[in-house]
Amino acid sequence: MMKAGGVIVTRPEPGLSETMRAVEQAGWRAYASPALHVIQYETVLSSVANPAGIILTSGQAVCGAQAITADRWLPVYAVGDRTAQRAQAAGFHRVYSAQGNAEALVALLKKQVAPSAGTLLLLAGDGQGNALLARLQAEGFDVVRYVTYAALPAENIDEAVQLALIKEGISNILFFSAESARGWIRALSPGAALMQARKTTALVISEKTAEVLLAAGWQHVRVALRPDAQSVLSLLEHK
């Protein structure tokens, strides 16, 4: 039985389709409205001859990992379980999940890798990963950052999604990063759609994402217990 109110999913691919399915399986009507458009860089060349491992802060960087090395036994350190699963699906055999955020990733690397082991390749999006790079270097790690993709903000929100906001009683919107929240709000036409969006409950992945929504006028924001997609979806299950 379909639950009252629809759910907007602002996650881009990869991840949008599986999240849409999960929302619908939980009994909600799902609306796809990716806040970001991801462009993969097909050619990623590494100047490091024998890296000690690859660091992935997002599932979006898995394609870059495939491009940067043919060694599928190279250790991969992923920020969370879904990123780790995508790395495994891409053929990497030694994949470790931090099961959290950047802080958890630093903790995982300190536990698993000696700074003297060699150079680590940090694969990130354009404009991303610099804070993590600095943190790891401060811990004594030799890390080289490579930009493997760009996440561009959506230029506009699909008209059908805006009409659903105005007429069909959207009850929840899922946000998976502060960047995507800012981009989605900017892309939404000012007026009735934005007013109705502010009346929904925002289910978000982190406190930073919540801050963006609260500053934009949302009254109801719930933060996932853990910074991963499954924890965001679990907020729906308890409504």
Side-chain angles (χ1 to χ4, degrees), residues 11-19 21-22 36 38 40 44 46 51-115 117-125 128-137 139-149 151 174-180 203-209 223-235 237:
R11 194 180 191 187
E13 296 286 9
L16 172 62
S17 297
E18 66 185 61
T19 304
R21 286 194 296 271
L36 302 172
V38 177
Q40 297 286 345
V44 184
S46 172
I54 293 174
I55 303 170
L56 301 177
T57 61
S58 167
Q60 308 288 1
V62 171
C63 288
Q66 291 177 290
I68 209 167
T69 180
D71 182 3
R72 296 299 183 258
W73 287 99
L74 191 64
V76 174
Y77 305 95
V79 67
D81 291 345
R82 288 301 295 128
T83 300
Q85 289 166 11
R86 288 181 185 132
Q88 290 170 332
F92 289 95
H93 302 293
R94 299 166 63 192
V95 181
Y96 306 90
S97 171
Q99 299 181 322
N101 52 18
E103 287 298 315
L105 193 50
V106 172
L108 173 68
L109 287 162
K110 289 173 67 176
K111 180 179 179 181
Q112 294 279 352
V113 187
T119 303
L120 296 166
L121 311 183
L122 171 58
L123 309 189
Q128 300 175 355
N130 290 304
L132 177 60
L133 174 65
R135 174 69 190 280
L136 289 170
Q137 289 175 336
E139 294 287 348
F141 289 98
D142 179 13
V143 185
V144 179
R145 174 178 166 270
Y146 291 90
V147 176
T148 64
Y149 68 93
L174 310 186
F175 293 99
F176 295 86
S177 72
E179 179 186 11
S180 63
L203 308 180
V204 306
I205 200 166
S206 67
E207 291 290 349
K208 287 185 178 180
T209 310
V223 182
L225 292 177
R226 292 177 52 195
D228 57 51
Q230 186 55 50
S231 294
V232 175
L233 286 167
S234 71
L235 295 175
E237 295 171 4

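Remember, predicted model here, so these are calculated numbers, not experimental data.
- Nearest heavy atoms, Pro227 versus Gly100: CG-C, 3.7 Å.
- The line from CZ of Arg21 to CG of Leu16 is 9.5 Å long, rounded to the nearest 0.5 Å.
- The two residues Gly140 and Pro115 have their closest heavy-atom pair at O-CB, 3.3 Å.
- Put simply, the side chain of Thr209 never gets that close to the backbone of Ile205: no donor and acceptor are under 3.5 Å apart.
- At a threshold of 4.5 Å between non-hydrogen side-chain atoms, the residues Arg11 and Ser177 do not count as touching.
- Counting only heavy atoms from C-beta outward, the side chains of Leu120 and Asp142 never approach each other to under 4.5 Å.
- Side chains of Tyr146 and Ile68 form a contact here, defined as non-hydrogen atoms less than 4.5 Å apart.
- Annotation: side chain of Gln60 is in contact with side chain of Gln40 (closest heavy-atom distance under 4.5 Å).
- The backbone N or O of Leu74 sits nowhere less than 3.5 Å from a side-chain atom of Arg94 that would complete a donor-acceptor pair.
- For the pair Thr148 (side chain) and Gly64 (backbone), a donor-acceptor distance under 3.5 Å is absent.
- Residue Leu36 holds its CG atom at 12.0 Å from CZ of Phe176, rounded to the nearest 0.5 Å.
- Applying the ring-ring contact (aromatic ring centres under 6.0 Å, His included) test to Phe141 and every residue at least two apart in sequence or in another chain returns nothing.
- Counting only heavy atoms from C-beta outward, the side chains of Leu56 and Val79 never approach each other to under 4.5 Å.
- Between Glu18 and Arg86 there is a salt bridge, with a side-chain nitrogen of the basic residue lying less than 4.0 Å from a carboxylate oxygen of the acidic one.
- Judged by distance alone, with hydrogens and angles left aside, the side-chain atoms of Glu13 form a donor-acceptor pair with the main-chain N or O of Ser17 at under 3.5 Å.
- Taking 4.5 Å as the limit, every side-chain heavy atom of Ile54 sits out of range of all side-chain heavy atoms of Tyr77.
- For the salt bridge (charged side-chain N to carboxylate O under 4.0 Å, His left out) test, no residue two or more places apart in sequence or in another chain qualifies with Glu207.
- Here the straight-line distance linking atom OG of Ser231 with atom CG of Leu225 works out to 6.5 Å at 0.5 Å rounding.
- Contact detail for Leu108 and Ala78: the closest heavy-atom pair is CD2-O, 4.5 Å.
- Under the 4.5 Å side-chain criterion, counting only non-hydrogen atoms from C-beta, Arg145 is in contact with Asn130.
- Once rounded to the nearest 0.5 Å, the distance linking CG of Asp228 with CG of Leu233 reads 9.0 Å.
- Gly129 and Leu122 make their closest contact through O-CD2, 3.5 Å (heavy atoms, listed as atom of the first residue, atom of the second, distance).
- Atom CD1 of residue Ile55 and atom CG of residue Leu121 lie 8.0 Å apart, to the nearest 0.5 angstrom.
- Rounded to the nearest 0.5 angstrom, Leu123 CG and Cys63 SG are separated by 11.0 Å.
- Between the side chain of Gln66 and the main chain of Ala87, no donor-acceptor pair closer than 3.5 Å is present.
- Taking Ala134 as the reference, nothing meets the side-chain contact (heavy atoms from CB on, under 4.5 Å) condition, with sequence neighbours excluded.
- With contacts defined as side-chain heavy-atom distances shorter than 4.5 Å, the pair Thr69/Phe92 qualifies.
- When all heavy atoms are compared, the tightest approach of Ala124 to Tyr149 is C-CE2, 3.7 Å.
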